Trainee: 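The structure that follows is given in the form of structure tokens.
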Amino acid sequence: HLPNSSIKSGWIYASLMLCYVLRVAYKKLCLHDILYIGERFIKYTTIMILVGYLEFFTENLFDSLFVTNSAVTFFGKSGAQQIMITYDRGWSNIQVFTKEASMFSTSLLYSVIIAVNMVILQGKKKKYLYYIGASMLLMVINRSMSSYVYVFLLVVYITYLRPFSTIKHGTNPKIAFWLLFVIVLVLSSQTLLMSDSYLSNRLNESITQLSGFRDESFTNTSEGLRYFGMYHCLSIFADRPLFGVGLGCIACVSGVITLLSNIGLLGLCSYVALVSPSIRGISRLDSILLMLLVVIAPNLLLNDLNTMFALIIPFAALLTAFSIKYKNNLIYDYE
């Protein structure tokens with residue numbers, strides 16, 4: 001769809017504010033300041049985790065929209081705000097303070113990434129381990145397709161960074177993490193393993209709909225509509241590959257493809273350079289994996305411009321770069 005001029009102006013203003021805030025942060029903040037922000041972030045977003053479990057139990061046990069109604073009352077609602085109990089394979093979806101379940105899963109994804117880096121850079125902080133475990137379990141019981149994609153990305157991310165190898169004292173957190181991971185697999189075994197499961201059905205539908213990119217034969221399903229929007233944006237990008245058609249002029253449910261169609265290849269390269277200035281000093285492979293796991297993969301088939309302009313993405317990328325440098329002995333202190 002083509003937004004009106006006020007929405008376009010809003011996106012332009014948001015992009016300028018993102019550039020300004022990041023420029024100030026990169027010039028003025030040292031790693032000690034970044035870690036202080038990370039600590040405060042984990043502290044305050046713990047409330048989000050607790051409210052997520054509260055919503056899960058109140059909706060499934062009492063059929064109550066108390067959490068959603070309270071969030072809308074205090075924070076207002078957006079155009080796509082969901083205010084209903086949506087039961088998905090026996091359990092209700094969780095959205096907490098966001099507008100719908102997959103947006104909440106996105107919040108959990110980047111929250112876990114930040115917590116993983118805090119484990120690496122500060123070490124032996126059990127509160128971060130509990131935060132990671134509670135968040136990943138909440139993502140699984142949320143039962144949205146985005147949750148399963150994000151859990152997979154987090155497993156890859158954690159395997160690559162090996163955060164638990166930096167902790168030397170106290171209870172072995174690696175054992176606790178893998179025990180939790182086994183519990184998660186057991187709880188979601190019906191969804192993950194059965195041939196008629198939600199996950200296998202969605203994956204099969206997604207693969208089937210890919211043929212639509214050849215002849216535009218998309219069906220009226222969630223995957224079909226999602227791919228149709230991407231197809232339309234990619235066709236516009238093909239016509240204007242360098243600069244796009246203008247920020248906020250067209251959108252689809254893919255943050256990366258939306259950026260490509262809006263600001264072109266040069267704009268996307270500028271965005272990548274903007275959110276990852278600290279990749280200088282780490283290897284090319286580390287840089288590629290950082291951008292792939294933190295910026296590109298989570299937003300390739302999900303999210304929109306709202307998410308791409310969120311400060312949590314460059315903050316997560318910045319912390320990841322510092323963690324890679326720290327594990328490679330490229331930094332030794334926080335000043």
Side-chain angles (χ1 to χ4, degrees), residues 45 48-49 51-53 55-56 59 68 71 78-82 84-116 132-158 181 184-185 187-188 190-192 197-210 221-230 233 251-259 292-310 312-313 316:
T45 55
M48 174 186 72
I49 307 300
V51 173
Y53 283 103
E55 180 178 355
F56 176 79
E59 288 190 359
T68 302
S78 66
Q81 181 72 51
Q82 293 187 9
M84 66 182 69
I85 299 179
T86 304
Y87 289 105
D88 207 344
R89 298 165 313 286
W91 292 345
S92 67
N93 291 333
I94 310 167
Q95 63 190 68
V96 187
F97 306 128
T98 63
K99 62 183 181 181
E100 43 89 23
S102 63
M103 200 69 232
F104 179 55
S105 296
T106 303
S107 301
L108 290 173
L109 167 72
Y110 285 107
S111 298
V112 171
I113 288 177
I114 290 172
V116 166
I132 293 169
S135 299
M136 292 186 70
L137 181 58
L138 196 57
M139 290 174 74
V140 171
I141 65 177
N142 197 20
R143 293 192 172 198
S144 66
M145 188 63 184
S146 59
S147 290
Y148 296 122
V149 173
Y150 292 152
V151 167
F152 172 77
L153 288 176
L154 283 174
V155 170
V156 175
Y157 183 86
I158 291 171
F181 187 67
V184 168
L185 285 180
L187 288 175
S188 58
Q190 181 178 2
T191 303
L192 294 172
S197 69
Y198 168 82
L199 179 60
S200 62
N201 289 336
R202 289 293 298 269
L203 288 175
N204 180 66
E205 181 65 25
S206 296
I207 294 172
T208 301
Q209 292 297 320
L210 284 175
T221 62
S222 176
E223 288 78 8
L225 295 175
R226 183 184 303 269
Y227 286 162
F228 175 76
M230 296 177 191
C233 284
C252 66
V253 190
S254 166
V256 174
I257 295 177
T258 298
L259 278 181
L292 181 64
L293 293 175
V294 178
V295 180
I296 303 300
N299 301 291
L300 184 59
L301 299 177
L302 299 163
N303 300 320
D304 53 19
L305 281 177
N306 280 313
T307 306
M308 299 304 289
F309 287 153
I312 196 170
I313 292 181

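Just so we're clear, the structure is a prediction, and the values are computed from it rather than from any experiment.
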Trainee: Which atom names give the shortest non-hydrogen contact between Gly52 and Val96, and what distance separates them?
Mentor: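 Heavy-atom minimum between the residues: CA-CG2, 3.5 Å.
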Trainee: For the pair Leu108 and Tyr150, evaluate side chain to side chain contact (heavy atoms under 4.5 Å, CB included) and give the outcome as yes or no after the intermediate values.
Mentor: CA-CA 9 Å; Leu108 290 173; Tyr150 292 152; over 6 Å; no
Trainee: Are Leu154 and Met139 close enough that some pair of their side-chain heavy atoms sits under 4.5 Å apart?
Mentor: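 Yes, close enough: below the 4.5 Å cut-off.
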Trainee: Does the side chain of Leu109 come within less than 4.5 Å of Pro298's, by heavy atoms?
Mentor: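 Yes. Closest side-chain heavy atoms under 4.5 Å.
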Trainee: Out of curiosity, Ile132 CD1 to Ile49 CD1, how far, rounded to the nearest 0.5 Å?
Mentor: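 It comes to 11.0 Å.
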Trainee: Just so I know, are the side chains of Ile94 and Tyr53 near enough to count as touching, which here means a heavy-atom distance under 4.5 Å?
Mentor: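 In short, these two side chains do not touch, never coming nearer than 4.5 Å.
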Trainee: If you round to the nearest 0.5 Å, how far is OG of Ser135 from OH of Tyr110?
Mentor: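 One gets 15.0 Å once the value is rounded to the nearest 0.5 Å.
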Trainee: I'd like to check Ile113 versus Ile312 (side-chain heavy atoms, cut-off strictly below 4.5 Å). Are they in contact?
Mentor: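 Sidechains of Ile312 and Ile113: no contact.
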Trainee: Do the side chains of Leu259 and Met308 get nearer than 4.5 Å, heavy atoms only?
Mentor: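 A side-chain contact under 4.5 Å exists here.
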Trainee: As an exercise, state the distance from OG1 of Thr68 to CD of Glu59, rounded to the nearest 0.5 Å.
Mentor: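 Answer rounded to 0.5 Å: 5.0 Å.
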Trainee: Are any non-hydrogen side-chain atoms of Tyr157 and Val116 less than 4.5 angstrom apart?
Mentor: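 Touching, per the 4.5 Å side-chain cut-off.
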Trainee: Do we see a donor-acceptor contact under 3.5 Å between the side chains of Thr106 and Asn303?
Mentor: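 Yes, Asn303 and Thr106 have a side-chain donor paired with an acceptor closer than 3.5 Å.
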Trainee: Enter the distance from Lys99:NZ to Asn306:CG here, rounded to the nearest 0.5 Å.
Mentor: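 Here the interatomic distance stands at 5.5 Å.
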Trainee: Rounded to the nearest 0.5 Å, how far apart are OG of Ser111 and CE of Met48?
Mentor: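 With rounding to 0.5 Å, OG (Ser111) is 3.5 Å from CE (Met48).
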Trainee: With no hydrogens and no angle check, is any side-chain donor or acceptor of Glu223 less than 3.5 Å from a backbone partner on Arg226?
Mentor: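 A pair under 3.5 Å: no.
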Trainee: Counting only N and O atoms by type, is there a donor-acceptor contact under 3.5 Å from the side chain of Thr98 to the main-chain atoms of Gln95?
Mentor: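 The answer is yes, because a donor-acceptor pair under 3.5 Å joins these two groups.
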Trainee: Distance from Leu225 atom CG to Cys252 atom SG, nearest 0.5 Å?
Mentor: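 With rounding to 0.5 Å, CG (Leu225) is 12.5 Å from SG (Cys252).
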Trainee: Quick one: does Asn93's side chain get under 4.5 Å of Asn142's, heavy atoms only?
Mentor: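 A side-chain contact under 4.5 Å exists here.
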Trainee: Within the supplied structure, the quantity of interest is the number of heavy atoms (other residues, nucleotides, ligands) at a distance under 6.0 Å from Phe228 CZ; does it exceed 12?
Mentor: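 Count not over threshold, so no.
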Trainee: Are any of the side-chain heavy atoms of Val256 and Val295 separated by less than 4.5 Å?
Mentor: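 No. Closest side-chain heavy atoms not under 4.5 Å.
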Trainee: Search all heavy atoms of Ala316 against all heavy atoms of Val294 and return the closest pair with its distance.
Mentor: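 What the structure gives for the nearest pair is CB-CG1, 4.0 Å.
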Trainee: Checking Ser147 side chain against Val140 main chain: does a donor-acceptor pair fall under 3.5 Å?
Mentor: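 Not confirmed, Ser147 side chain does not pair with Val140 backbone.
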Trainee: Considering non-hydrogen atoms only, spot the tightest contact between Thr307 and Met103 and give its length.
Mentor: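 Closest heavy-atom pair between Thr307 and Met103: OG1-CE, 3.1 Å.
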